[in-house]
Amino acid sequence: MNDTSVSLTATPAWHDLKAHHQKIHDAHLRQLFIDDPKRGERLTVEAGGIFLDYSKNRITNETLRLLVQLAEQCGLRYRIDSMFRGDRINITEDRAVLHVALRAPQTASIMVDGENVVPQVHAVLDKMADFSDRVRSGAWKGHTGQRIRNIVNIGIGGSDLGPVMAYEALRHYSDRSMTFRFVSNIDGTDFAEATHDLNPAETLFIVASKTFTTQETMTNAISARDWALKGLSGDPKAVARHFVAVSTNATKVSAFGIDTENMFGFWDWVGGRYSMESAIGLSTMLAIGPGNFRAMLDGFHQMDEHFRTAPFEKNLPVLMGLLALWNNNFLGAHTIAVLPYDQYLKRFPAYLQQLTMESNGKQVTLDGRRVACDTSPIYWGEPGTNGQHSFYQLIHQGTRLIPCDFIAFAESLNPLGEHHDILMANVFAQSEALAFGKTAEQVKAEGTPDWLVPHRVFDGNRPSNTILAQRLTPEILGRLVALYEHLVFCQGALWNINCFDQWGVELGKALAQRIVPELEVKTEPALGHDSSTNHLIRRYRKLKGTPQEPV
Ligand code: G6Q
């Protein structure tokens, strides 16, 4: 599929990077900053209001030069162009990958199977906008004539994480007279807690499922239908006023009882974890309004254009992708902590976990061969400053190298006394402490007794990126998400893996389908699993009070 793709570890640049790593692996950030007093100004890049300081990475000019060479030798340019022109780069599912079309302006033309998909994208956006306006203004009434005040999004994975993250991130811009809830887990508690204080007459459910077959979502949707009908005198006509669907599967939507007039479509070239700006984002649009939603799309598009056109040395996603790869494959860092210093981004790390790890948690290359080096690092994180009182200890003094992405904004959306300056002081302090640490001499000079010195030493030399923007707006959120989408793509392209499938989630799903009847059947089932699984099933059946012995 790609005649320019060369195995990463067979490239001359990989070989050179290995040798280069040998030379510089002892270099300390302290020294690198002393050697180049302008390093902190030089190793920065800005695009569309997002400023990245990557100077606190363990790199030199030579590292950067070689990493860019690696990208070139692996055909990254070809891969980027391939995605943007709609090639079927998701080869295991034979699909194009065109989330970039979801945020393309009306004037753009992006062809899939000979058809420009941009007009379809905008037709759905217009339909979403019209619906959102009607719900937000109260023109859309529930079955009993009451206006809708509560929106419950039912979806999971890509049909949940993006919507929740975006709602939380953009809550400042949301209609505060409305309540938004998100139900994803098959655990009945999720549904029960999300609905316990809601009035069915004022509640609208969005059933968000690309396939409309996902077990968790369909089970929750059926419970929601029962809950709504129970509260609305059982009249099946109520479903049409209280349920809408976001899906690619009109047949299943209609079989569920949702009028396909109230269905918002998308396409198989939109992957679940890349869908928050498609109709899957309907809850986001209902919360923040169509204008803000379009501003978010515009932010995405600006980052897309930057990614598509900027030279690699100045390309934010490319640089961050290459740095992550350097930290992972050369410095041996297995995880990356994402640390947003903004409470509104509290679900951003969870969102990124799916984006990064479902995309790049792969063990074979596009041609089915075992990869020759580690693929996706583990992404995790918590908003600052909470993490500082928890796991930062390990990042500062533990035995593992954990590169950090700090994300912060110059302006708070909720200015309150000194809060914001203190918050920002913490961002800057943390990356400074990680990079430069504190030597034994410095600790001793403070009068620390000798026996305590080793406990109070900070080695430093721990890499981090700092991302800084003016303030968290819908547009900036779009740019930020697109930045991470594309840096995931860059790493995947270099590893020559498919970022866009997720076969690893299938086995557990299939086994669960087989186990459900074994838990539900009244008579003791013949179990054919391993002894541990058999025993656990029997123990569960016993605990819930179903017969144990074969009858
Ligand atoms: C994401 C995955 C996955 C998907 C969910 C929900 O990239 O494909 O997380 O979004 O399994 O799928 P449905 O939207 O089809 O219910």
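Counting from 1, the numbers follow the sequence of the chain as shown. One-based numbering, in listed order, for ligands and for the atoms of each. These numbers come from a predicted model, not from an experiment.
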State whether Tyr274 and Arg103 meet the cation-pi test: NZ (Lys) or CZ (Arg) under 6.0 Å from the six-membered ring centroid, and within 45° of the perpendicular axis.
no
Go through it in stages, so that I can follow the logic: the residues are Trp380 and Thr335, the test is side chain to side chain donor-acceptor pair (under 3.5 Å), and I'd like the CA-CA distance, side-chain angles, deciding distance and then a yes or no.
CA-CA 8 Å; Trp380 57 289; Thr335 84; 2.9 Å; yes
Pairs in or reaching into residues 343-379: which pass ring-ring contact (aromatic ring centres under 6.0 Å, His included), with residues at least two apart or in two chains?
Phe348-Tyr484
Which protein residues have a heavy atom closer than 4.0 Å to any atom of ligand 1, listed by chain and number?
Ile156, Gly157, Gly158, Ser159, Ser209, Lys210, Thr211, Thr214, Gly272, Arg273, Gln354, Glu358, Gln502
Centroid-centroid distance, Phe264 to Phe131, less than 6.0 Å:
yes
Would you please name every residue forming a salt bridge (charged side-chain N to carboxylate O under 4.0 Å, His left out) with Asp94, sequence neighbours left out?
Arg88
Using distance only, find each side-chain donor-acceptor pair of residues 151-159 under 3.5 Å and give its atom names and separation, not counting sequence neighbours.
{"residue": "Asn153", "atom": "ND2", "partner": "Ser159", "partner atom": "O", "Å": "3.2"}

